[in-house]
Amino acid sequence: MTKFVFVTGGVVSSLGKGIAAASLAAILESRGLKVTLIKLDPYLNVDPGTMSPFQHGEVFVTDDGAETDLDLGHYERFITTRMKRSNNFTTGQIYKSVLEKERRGDYLGKTVQVIPHVTNEIQEFVKRGASDALDVAIVEIGGTVGDIESLPFLEAVRQMSLRLGPAHCAFVHLTYVPWIAAAGELKTKPTQHTVQKLREIGIQPDVLLCRADRPIPDEEREKISLFTNVPLHGVISMWDVDTIYKVPRLLHEQGLDELICMKLQLLTRPADLRRWDTLVHEVEHPQTTVKIAMCGKYTDLSDSYKSLNEALRHAGIHNHARVRIEYVDSETLSADNIGQLERFDAVLVPGGFGKRGVEGKILTAQYAREHGIPYLGICLGMQVATIEVARHLAGLEGANSTEFDPDTPHPVIALIDEWQDRDGTIQKRDAKSDLGGTMRLGAQSSDVTAGTLAHQIYGKLVTERHRHRFEANEHYLDRLRAAGLVISAITQRDKLTEIVELPQSVHPWFVGVQFHPEFKSTPWDGHPLFISYVKAALEHQARRLATVTQKVAA
């Protein structure tokens, strides 16, 4: 029978519940347990797919096509279990399900209420995400204790703990212990209050993870223990570290996993965190540094590109290099200042939606192509590279995507049911295709053309996750090929372009992919595409240094 660990948060948001939950899962997995994680989000949106990246950060996509919270990315990077649609649900999904049941008459005319109907539904969703084949399910409850939005979730897990019994549930509460500079001391009162709030609704935490900018002294831990009714060994200091991959070791050394195993009566082997130690050593001892310009439009919030940032860092680890990412707002780029990209070892154009900043991205692709700078375009980044080649190599003046210019004379990127043939007539897809105008989501596979850079990276088959609506127009592919663009992977049934590149005889490394490879990168394996990209950046750096040295010598 699966046992549960419920992770809650207090005082303020953004304390790192996702990292804490993932780190605990990683330690338990190292003890030989089969673990999964579930994220409960208290907002009324059905999923984060329509939410602004500035507010919510990136949308993480699972293999089965679910648009989920970015914490699921942390989960997949920390443990081996792959996330699914059932690993993340929102208040919106809960109420939607309850209302659908009410309309069908499933409640037999009863008055539908938050308790028991909504709380029962939450419990069913939690159980659905926790397979019987697993030993432990760690359930992270979004939001902050005391917020009205989180109350149904907290009541539901309180009920679950009562029904399952104390040996099957544990509660971990993440709280904040601020350093007050004027007083010159850490203050425990916020932690006392948040635990009091939690106990008011019937939940007594077994563990407190106390976030602070420094280790918390024993005197403050004893005070917290006394006022929260949590044993001293359950008051764990969780201070700021320079890499998230240090957190599992930090928590293990304070006995978190041992405490949880004792509470849940789990007999396991000792934790083995050697691979985490090796990983941290690699992070802290790079042999060189590489600078990458990320040219996007969500640059004000780094969480908008969370998985992408981590994938680049993973690739750096596998190349024994520190990857330094600098964000460049594509909306600010123009012909007058595009030369600023010359100082970087590589450029990357990430995904995105909407017209804002697109011309700057197209300019970025052109500059990288003309100056031999390694270029990686992801999703929209592939599309703007295709548009750039169409305009400046294929001679298709005004080429664009119908997403940005519905009246473009050359819709080289368009919805499938908007694809135009050379005579300008609209070409409707076969009725068997259900892709026109809908979002392409989740993992899909394509064959890779032999002799291409993509084939060197992936081999014969590529399987990656997608999240986009517009596609490269099939009717322009021949003219793009004639202009020098290589279409190195294409889907079999719908003839959808997956990877484009320039021949290595023309450019050292220029690749655009329609999918999101960053979602499958882990610190252990990295990702072959990003590893190859960072390697190319290092080679470009070496060529630039060699050129400078030659000029100085001359």
Side-chain angles (χ1 to χ4, degrees), residues 2 4-10 13 17-18 21 36-52 55-57 59-62 64-73 75 83-132 134 137-164 168-169 171-173 197-198 200-203 439 441-442:
T2 304
F4 294 88
V5 178
F6 299 108
V7 180
T8 57
S13 59
K17 284 198 303 293
T36 193
L37 294 113
I38 303 169
K39 176 68 184 292
L40 282 57
D41 279 308
Y43 46 76
L44 284 171
N45 304 67
V46 172
D47 61 46
T50 58
M51 296 170 70
S52 167
Q55 281 197 357
H56 192 264
V59 175
F60 186 82
V61 179
T62 57
D64 60 0
E67 295 177 284
T68 70
D69 185 80
L70 63 82
D71 276 333
L72 271 73
Y75 301 165
M83 299 296 107
K84 299 177 292 186
R85 187 177 302 275
S86 56
N87 289 92
N88 182 210
F89 61 90
T90 69
T91 297
Q93 290 177 30
I94 294 296
Y95 276 96
K96 182 172 181 284
S97 178
V98 168
L99 291 173
E100 286 172 349
K101 287 183 177 181
E102 188 273 333
R103 291 290 85 189
R104 289 196 305 264
D106 291 5
Y107 297 119
L108 303 176
K110 294 179 181 177
T111 301
V112 180
Q113 297 174 291
V114 173
I115 300 173
H117 301 101
V118 170
T119 53
N120 285 348
E121 194 72 14
I122 292 169
Q123 292 175 63
E124 288 303 313
F125 271 62
V126 169
K127 292 173 185 176
R128 195 178 307 164
S131 164
D132 290 337
L134 298 165
I138 299 175
V139 183
E140 178 193 346
I141 301 174
T144 305
V145 170
D147 292 345
I148 192 170
E149 293 90 347
S150 300
L151 282 176
F153 287 132
L154 295 171
E155 173 60 20
V157 300
R158 183 197 67 80
Q159 293 175 16
M160 276 192 74
S161 69
L162 187 65
R163 291 170 179 170
L164 294 174
H168 290 84
C169 295
F171 287 93
V172 176
H173 188 57
K197 202 73 178 173
L198 198 58
E200 283 177 2
I201 60 176
I203 295 174
M439 185 82 79
L441 287 165

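Please read these numbers as outputs of a predicted model, since none were measured by experiment.
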Of all heavy-atom pairs between A21 and V7, which one has the smallest distance, and what is that distance? CB-CG2, 4.3 Å

When you measure from the side chain of S150 to the backbone N and O of V145, does any donor-acceptor pair fall under 3.5 Å? no

Pairwise distance CD(E124) to OG1(T119) - rounded to 0.5 angstrom: 11.0 Å

Quick one: do K96 and E100 make a salt bridge, cutoff under 4.0 Å? yes

For N120, side chain to side chain contact (heavy atoms under 4.5 Å, CB included) partners two or more places apart: P116, Q123, Q159, R163

If you round to the nearest 0.5 Å, how far is CG of N87 from OG1 of T36? 4.0 Å

Do the side chain of Q93 and the main chain of V46 share a donor and acceptor less than 3.5 angstrom apart? yes

One pair to check against side-chain contact (heavy atoms from CB on, under 4.5 Å): E140 and L37. What are the steps and the verdict? CA-CA 7 Å; E140 178 193 346; L37 294 113; over 6 Å; no

Spacing of L40 atom CG and I94 atom CD1 [to the nearest 0.5 Å]: 7.5 Å

Reported CG-to-CZ distance for the pair L154 and F171, which is rounded to 0.5 angstrom: 8.5 Å

Minimal non-hydrogen separation, C169 against M160, with atom names: SG-O, 4.3 Å

What distance do L198 atom CG and R158 atom CZ have between them, rounded to the nearest 0.5 Å? 11.5 Å

Any donor-acceptor pair under 3.5 Å linking the side chain of D47 with the backbone of E67? no

Taking all atoms of both residues into account, what is the closest heavy-atom pair of R104 and D106, and its distance? NH2-OD2, 2.8 Å

Evaluate whether atom CZ of R103 has more than 12 neighbouring non-hydrogen atoms of other residues, nucleotides or ligands under 6.0 angstrom away. no

Do V157 and F4 have side-chain heavy atoms sitting under 4.5 Å apart? no

Which residue, Y43, F125, Y95, forms the ring pair (Phe, Tyr, Trp, His ring centres under 6.0 Å) with F89? F125

Got a donor-acceptor contact below 3.5 angstrom from the D147 side chain to the E149 backbone? no

With a 4.5 Å heavy-atom cut-off, do K39 and M83 have their side chains touching? no

Can you confirm whether more than 12 heavy atoms, excluding those of K84, are under 6.0 Å from its NZ atom? no

From CA spacing to verdict: side-chain contact (heavy atoms from CB on, under 4.5 Å), H117, E102: CA-CA 10 Å; H117 301 101; E102 188 273 333; over 6 Å; no

Search all heavy atoms of A156 against all heavy atoms of I122 and return the closest pair with its distance. CB-CG2, 3.6 Å

If only side-chain N and O atoms count, and only distance matters, is there a donor-acceptor pair under 3.5 Å linking T90 with N45? no

Is the closest side-chain heavy-atom distance between F60 and D71 below 4.5 Å? no

What distance do L44 atom CG and T91 atom OG1 have between them, rounded to the nearest 0.5 Å? 6.0 Å

Looking only at heavy atoms, which two atoms of E121 and S97 are closest? And how far apart? OE2-OG, 2.6 Å

So which atom in T2 and which in A137 form the shortest heavy-atom distance, rounded to 0.1 Å? CG2-N, 3.8 Å

